[in-house]
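Below is one structure; the comments refer to it alone.
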Amino acid sequence: MKKKNFAFLFDLDGVLIDSESQYDRFWHKVADDYHLGIESFEYLIKGTTLPNILTTYFSHLSPEEQEKLAAANRAFELQMDILPIPGALELLEKVKKEGIQTGLVTSSDDEKLQYVLSKLPIRSYFDTIVSANRITDGKPHPMCFLLAAQDLNVLLENCFVFEDSFNGIRSGNAAGMQVIGLSTTNSVESIQNDCIKVIPNFRNFDFRSLFL
C-alpha cells in the first residue's frame with residue numbers, strides 16, 4: 001500500500017486548535033445583541049463561512065451594518081488564543097514522516113488563517129490548504145473537500161476527513177470521504193452515527209489502524 005495515494009484532510013477550529021469555546025462566547029453575544037431569537041445559534045453556525053452566516057442570518061441588516069459585524073468578527077479572530085488540540089502537533093509530525101498527503105480544509109478566511117499560522121507554525125505539514133477564500137459554497141456543501149482531493153490527486157474514498165462540527169461532518173460525507181469525528185465540540189452520541197470513528201483528541205490516536 002502506497003500511503004501517498006491516501007490523504008488526511010483536517011479542519012482547523014475544534015480539530016487542530018482549541019478555539020470553539022471562544023467562538024461560542026462571541027457568537028452567543030452577537031445573537032443576543034441582534035435579537036436573533038435563535039436557540040443555540042453559536043452551535044448552529046459551526047463550520048460555516050462568515051459570508052454564509054451573514055447571508056443566511058443577517059440579510060435584514062444594511063450593508064454597512066453587515067460590514068460592521070464582519071469587522072467585529074475579524075477583530076475577534078485576530079486576538080484569539082491559539083492553542084493546539086492535545087496530540088495534534090505530534091500527529092501531524094508522524095503523518096508527515098509516513099508520507100501521507102495532508103490538507104488543511106477550513107471555513108476560515110486567509111486573514112484569520114495567517115494569524116493562526118503565525119502563532120502555530122504548522123504550514124509545512126500541509127500539502128494543500130483550502131480556505132474560505134477558495135470556495136463559493138461552504139460546509140455542509142462538499143466543495144472544500146472535493147477541491148482538496150483534486151489538489152492532491154487522491155481518490156475521494158481514500159481521503160480521511162477529521163471534523164468536529166455537524167456541518168463539517170456532513171460536508172465530508174457528502175464528498176464521499178471517510179470521516180473521523182472529534183468530540184471536542186459535540187457529544188460522541190450526537191456524531192458517532194455519521195463517522196467511522198470518534199476520538200476525544202489526538203492523544204494516543206493510532207492513525208495506522210485506519211489502513212487495516
Assess whether atom NZ of K94 is packed by more than 12 heavy atoms of other residues, nucleotides or ligands within 6.0 Å.
-> no

Step by step, work out the side chain to side chain contact (heavy atoms under 4.5 Å, CB included) result for Q150 and L146.
-> CA-CA 6 Å; Q150 179 180 311; L146 295 175; over 6 Å; no

Give a yes or no on whether E39 atom CD has more than 12 heavy-atom contacts from other residues, nucleotides or ligands under 6.0 Å away.
-> no

Taking T128 for the side chain and G103 for the main chain, is one N or O donor matched with an acceptor at less than 3.5 Å?
-> no

Please answer: with hydrophobic residues joined when any side-chain heavy atoms are less than 4.5 Å apart, are L89 and L83 in the same cluster?
-> no

Below 4.5 Å, heavy atoms only, C-beta onward: do L104 and L12 meet side chain to side chain?
-> yes

For the atom pair CD (Q101) and CG (N153), what is the distance rounded to the nearest 0.5 Å?
-> 8.0 Å

Just how far is it from atom OG1 of T102 to atom CD1 of I129, taken to the nearest 0.5 Å?
-> 9.0 Å

Are Y57 and F41 near enough that their ring centres are under 6.0 Å apart?
-> yes

R123 side chain to F126 backbone, donor-acceptor under 3.5 Å = yes

For the side chain of E163 and the backbone of V179, is there at least one donor-acceptor N/O pair under 3.5 Å apart?
-> no

Cationic N near anionic O, under 4.0 Å, K46 to D24 | yes

Any M80 side-chain heavy atom under 4.5 Å of F26 side chain = no

Could you tell me the separation between the CG atom of D109 and the CG atom of N73, rounded to the nearest 0.5 Å?
-> 8.0 Å

Quick one: does I135's side chain get under 4.5 Å of V130's, heavy atoms only?
-> yes

Does I17 belong to the same Ile/Leu/Val/Met/Phe/Trp/Tyr cluster as Y43, with side-chain heavy atoms less than 4.5 Å apart forming each link?
-> no

If two hydrophobic side chains count as joined below 4.5 Å and joins carry through other members, does F162 share a cluster with L155?
-> no

Atom CG of N204 with >12 non-hydrogen neighbours under 6.0 angstrom | no

Given side chain to side chain contact (heavy atoms under 4.5 Å, CB included), test L54 with L69 step by step and report yes or no.
-> CA-CA 9 Å; L54 294 176; L69 178 53; 3.7 Å; yes

Identify whether the distance between the nearest side-chain nitrogen and carboxylate oxygen of E42 and K29 falls below 4.0 Å.
-> no

Between CD1 of I191 and CD1 of I169, what distance do you get to the nearest 0.5 Å?
-> 4.5 Å

Does any non-hydrogen side-chain atom of L113 lie less than 4.5 Å from one of N133?
-> no

Could you list all the salt bridge (charged side-chain N to carboxylate O under 4.0 Å, His left out) pairs where at least one residue sits in residues 141-153, not counting sequence neighbours?
-> R134-D151

Heavy-atom pair with the smallest gap, counting every atom of S183 and S187 | CB-C, 4.5 Å

What about F207 and F202, are their ring centers closer than 6.0 Å?
-> no

Write down the atom of G47, the atom of S107, and the distance for their closest heavy-atom approach.
-> O-OG, 2.5 Å

How far apart are the closest heavy atoms of G168 and F145, and which atoms are they?
-> O-CE1, 3.9 Å

For residues D110 and S131, report the shortest heavy-atom separation together with the two atoms involved.
-> OD1-OG, 2.6 Å

Note, L210 side chain near Q178 side chain (heavy atom, < 4.5 Å) = no

Who pairs with T185 by side-chain hydrogen bond (donor to acceptor under 3.5 Å, both in side chains), at least two apart in sequence or on another chain?
-> D164

Beyond-backbone contact of Q22 with F76, side-chain heavy atoms, under 4.5 angstrom | yes

Any chance you could lay out the side chain to side chain contact (heavy atoms under 4.5 Å, CB included) test for D11 and K139, step after step, and finish with the verdict?
-> CA-CA 11 Å; D11 178 39; K139 302 170 185 175; 3.1 Å; yes

Taken to the nearest 0.5 Å, the spacing of N173 CG from C195 SG works out to 7.0 Å

Do D13 and K112 come close enough that some side-chain heavy atom pair is under 4.5 Å?
-> yes

Which distance, rounded to the nearest 0.5 Å, do you find between the CD1 of I85 and the CD of E20?
-> 8.5 Å

Looking only at heavy atoms, which two atoms of P121 and Y125 are closest? And how far apart?
-> O-CE1, 4.4 Å

For V154 and C159, the nearest pair of non-hydrogen atoms, with its separation, is CG1-SG, 3.8 Å

With P84 as reference, evaluate L92, L120, L16 under the side-chain contact (heavy atoms from CB on, under 4.5 Å) test and give the passing residue.
-> L120

Could you tell me whether the side chain of H141 reaches within less than 4.5 Å of the side chain of T48, counting heavy atoms only?
-> no

Are E98 and F8 close enough, and set up right, to give a side chain to side chain contact (heavy atoms under 4.5 Å, CB included), and what steps lead you there?
-> CA-CA 12 Å; E98 286 282 337; F8 283 3; over 6 Å; no

So, for F211 and F160, is the gap between ring centers shorter than 6.0 Å?
-> yes

